[in-house]
Amino acid sequence: MSAITVRVPAKVNLQLAVGPLREDGYHDLVNVFHAVSIFDEVTAAEPGDVSAATPPLTVRIEGESAGEVPANDDNLAVRAARALAGRAGRSYRADLLIRKSIPVAGGMAGGSADAAAALVACNELWGLGLPPEDLMEIAADVGSDVPFALFGGTAVGTGRGERLSRLETSGSFHWVFALADGGLSTPRVYGECDRLREEAGTDPGRPVASEPLLAALREGDAVALGRALTNDLQPAALSLRPSLAHTLHAGDELGALGSLVSGSGPTCAFLAASETHAAEIAAGLKNAEGCRAAVTATGPVPGAEVVG
Ligand SMILES: C[C@@](CO)(OP(=O)(O)O)[C@H](O)COP(=O)(O)OP(=O)(O)OC[C@H]1O[C@@H](n2ccc(N)nc2=O)[C@H](O)[C@@H]1O
Ligand SMILES: Nc1ncnc2c1ncn2[C@@H]1O[C@H](COP(=O)(O)OP(=O)(O)O)[C@@H](O)[C@H]1O
């Protein structure tokens, strides 16, 4: 096989409970991940040019936001492929092509998704046959959110977010995502969260999973899920990007069952009662302050999978 294409979903965090800053610079989390139907595609191909001057791993990016993504060794897909080759103990070659639809630096883990897709694609292209457990381990070294992009569905992540347990859910949920102009840096948002807590003198304590949220997912109860959505990074994202408050308010006015900033933002997520309701909210959000575009999606969907 000379080229493998993998499709990989974006995520929204249904609960993001953030503990105190750890000594290693990370935070302990209870991170309820939910994979949604906005997909990137990563193709890993045997390189045409194998001269010594060509780097073993190359990357090209296509899509509206291609210019915002590094097309060099810093790309998370390249980093993941390099980590995989390192695990296999030799140098491998591949040309990676990323077709981006997931907003960049939008709190929807697009870079992590591409990393997960590159692991699956290169494992296949290079005939390594590594089992999912090994890919999960390599994924966690590349970034805290990468294992979930392999896993998909709905899952709770503890530790940095990399230790996953699958969650039971019923049916499908309808979402609207309000995309913003420009991104927010994840480390900066965590830093702002720490700063706001210090300023207010609050001790976050140990993060705990929300029982009402888990019950709503099990029962497929969208109304209860809408009420249970929480994100401890939201005050920090709003502090860095105050216009998001207008976006969230606009979604509430349009009758969303729940609204929150997705992860570190600035994308805002709105839960709708049905596909039609989602289309109505998306249409209404198009003129909201802080909203560049609104897209609908459903979740949960599977994690990274080979499509061609
Ligand atoms: C906030 C979340 C929510 O799912 O994602 P995004 O919304 O950005 O996509 C994640 O925690 C982001 O995960 P990911 O983007 O993989 O982070 P990493 O590369 O592992 O870490 C980047 C930086 O984020 C901070 N970080 C990350 C995870 C964590 N549990 N605590 C942290 O403090 C650290 O400053 C770290 O240096
Ligand atoms: N394949 C990639 N896709 C998107 N961003 C990438 C990729 N590789 C590296 N990056 C860098 O990672 C940063 C975070 O991107 P992304 O994962 O899209 O956001 P978030 O962490 O908010 O979910 C971007 O600013 C970009 O510079």
Side-chain angles (χ1 to χ4, degrees), residues 8-36 38 40-42 57 59-82 96-119 139-150 155-164 177 179-180 182-194 204 207 231-234 236-237 240-241 260-269:
V8 65
K11 61 81 184 161
V12 57
N13 309 86
L14 306 181
Q15 180 190 3
L16 187 50
V18 179
L21 177 64
R22 303 190 323 201
E23 283 193 352
D24 63 1
Y26 287 86
H27 296 74
D28 275 323
L29 305 177
V30 165
N31 192 348
V32 179
F33 292 105
H34 182 68
V36 295
I38 300 173
D40 279 359
E41 265 185 17
V42 176
L57 295 166
V59 66
R60 259 181 332 117
I61 302 112
E62 286 179 355
E64 198 194 321
S65 49
E68 297 156 45
V69 178
N72 54 33
D73 280 2
D74 288 336
N75 193 291
L76 283 162
V78 176
R79 279 200 229 166
R82 206 168 46 224
L96 302 175
L97 170 64
I98 303 175
R99 290 183 204 85
K100 275 217 87 72
S101 298
I102 305 175
V104 177
M108 299 194 79
S112 304
D114 299 344
L119 287 178
D141 285 342
V142 179
S144 311
D145 276 2
V146 184
F148 177 71
L150 291 174
V156 60
T158 53
R160 283 185 286 123
E162 86 286 15
R163 275 189 257 134
L164 296 173
F177 295 97
L179 316 188
L184 276 176
S185 142
T186 300
R188 196 158 165 242
V189 176
Y190 274 107
E192 180 68 359
C193 174
D194 295 334
N231 178 2
D232 284 357
L233 290 182
Q234 183 161 311
L240 295 172
R241 189 70 73 82
L260 85 176
V261 170
S262 179
S264 59
T267 305
C268 291

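As the structure lists them, so they are numbered: ligands from 1, and atoms in each ligand from 1.
Contact annotation: the side chain of L260 approaches that of Q234 to within less than 4.5 Å [non-hydrogen atoms, C-beta and beyond]. V104 is listed as a side-chain neighbour of S65, based on a closest heavy-atom distance under 4.5 Å. The shortest distance between side-chain heavy atoms of N13 and K11 falls below 4.5 Å. Between R60 and I98, the closest side-chain pair of non-hydrogen atoms is not below 4.5 Å.
The two atoms that bring L96 and A81 nearest to each other are CD1-CB, 4.4 Å, heavy atoms only. For the pair A149 and A116, the tightest heavy-atom approach, listed with the atom from each and the gap, is CB-CB, 3.5 Å.
For ligand 1, the protein residues within 4.0 angstrom (heavy atoms only) are K11, N13, L16, G25, Y26, H27, L29, N31, F33, G107, A109, S112, G143, S144, D145, R160, T186, P187, Y190, L233, G263, S264.
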> Passes salt bridge (Lys or Arg N to Asp or Glu O under 4.0 Å), D73 versus R82? Steps please.
Replying inline: CA-CA 9 Å; D73 280 2; R82 206 168 46 224; 3.7 Å; yes
>> side chain to side chain contact (heavy atoms under 4.5 Å, CB included) for N31 and D145? Distances and angles first, verdict last.
In response: CA-CA 10 Å; N31 192 348; D145 276 2; 4.1 Å; yes
For ligand 2, list all ligand N or O to protein N or O distances below 3.5 Å, rounded to 0.1 Å.
residue	atom	partner	partner atom	Å
ligand 2	1 (N)	N75	OD1	3.1
ligand 2	1 (N)	D114	OD2	2.9
ligand 2	3 (N)	K100	NZ	3.2
ligand 2	3 (N)	D114	OD2	3.3
ligand 2	8 (N)	L76	N	2.9
ligand 2	17 (O)	G111	N	2.8
ligand 2	18 (O)	A105	N	2.8
ligand 2	19 (O)	A105	N	3.2
ligand 2	21 (O)	T186	OG1	3.1
ligand 2	22 (O)	G106	N	3.4
ligand 2	22 (O)	G107	N	2.8
ligand 2	23 (O)	M108	N	3.4
ligand 2	23 (O)	A109	N	2.7

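Under the 4.0 Å criterion applied to side-chain N and carboxylate O atoms, D28 and R160 are not assigned as salt-bridge partners.
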